[in-house]
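Read the structure below first, then the notes.
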Amino acid sequence: MMNKLLASVYKPNVVRRVLNLWPPFWGSGIKIVSISDDFRSVSVRLKFRWWNKNANRAQYGGSIFSLTDPVYALMLMGILGKEYYVWDKEASINFIKPGYSDLYADFIISDDQISTILSSTLNGEKCFPEFVVRVKDKSDEVVSEVQRVLYVRKKPAFRE
């Protein structure tokens, strides 16, 4: 939930800098590379380090999953602003192949998705938008697909 102070500083460059210093991201080698000015596009990288390798010497699955964790929720918070509750609700991951390099993910929220969320939540109804992000290796091959389901609802004070 976004309070007034947070809303006043919730700018793409501030969010990027703070997340890049956030211990779960920093310690896992996760870096927000870019956030568009309108929060509709985010690029993230997971560094391949000795401490995030699994027993097979590939990227640890938990780090791959963490790479995607708060991103869509944070994007929607930036897009929708202080009038909405936005939370992660559910997620699943499909490991397609091992990742033996840095990994990358590009998160996009379309105009159609935003329109659907806005119209679905107009009178305070809950909305559970689903997003899929593909995590790729340095050769642009898909390593995993992560499905995220969010909870979005207009706050009572802003309902029609």
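Hydrogens, waters and symmetry mates play no part in the numbers below; they use all other heavy atoms, side chains included. Values in this document were obtained by computation on a predicted structure and should not be read as measured data.
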Using only atom types and a distance under 3.5 Å, with no angle test, would you say the side chain of [X] pairs donor to acceptor with the backbone of [Y]?
X	Y	answer
Ser144	Phe95	no
Ser119	Thr116	yes
Asn52	Lys47	yes
Thr68	Phe65	yes
Asn54	Asn56	yes
Gln59	Ser101	yes

Kindly give the cluster partners of Val33, where membership spreads through any ILVMFWY side chain lying under 4.5 Å from a current member.
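Grouped by the 4.5 Å side-chain rule, Val33 forms a cluster of one, so the answer is none.
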Whichever hydrophobic residues join Trp50 through chains of side-chain contacts under 4.5 Å:
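Trp51, all in the cluster of Trp50.
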Contacts table for residues 123-136: side-chain donor-acceptor under 3.5 angstrom, sequence neighbours left out:
unit_1 : atom_1 : unit_2 : atom_2 : d
Glu125 : OE1    : Asn123 : N      : 3.1
Glu130 : OE1    : Gln147 : NE2    : 2.7
Arg134 : NE     : Glu145 : OE2    : 3.1

Taking the side chain as C-beta and beyond, is there a heavy-atom pair between [X] and [Y] under 4.5 Å?
X	Y	answer
Asp38	Ile79	no
Phe107	Leu74	no
Val42	Ser34	no

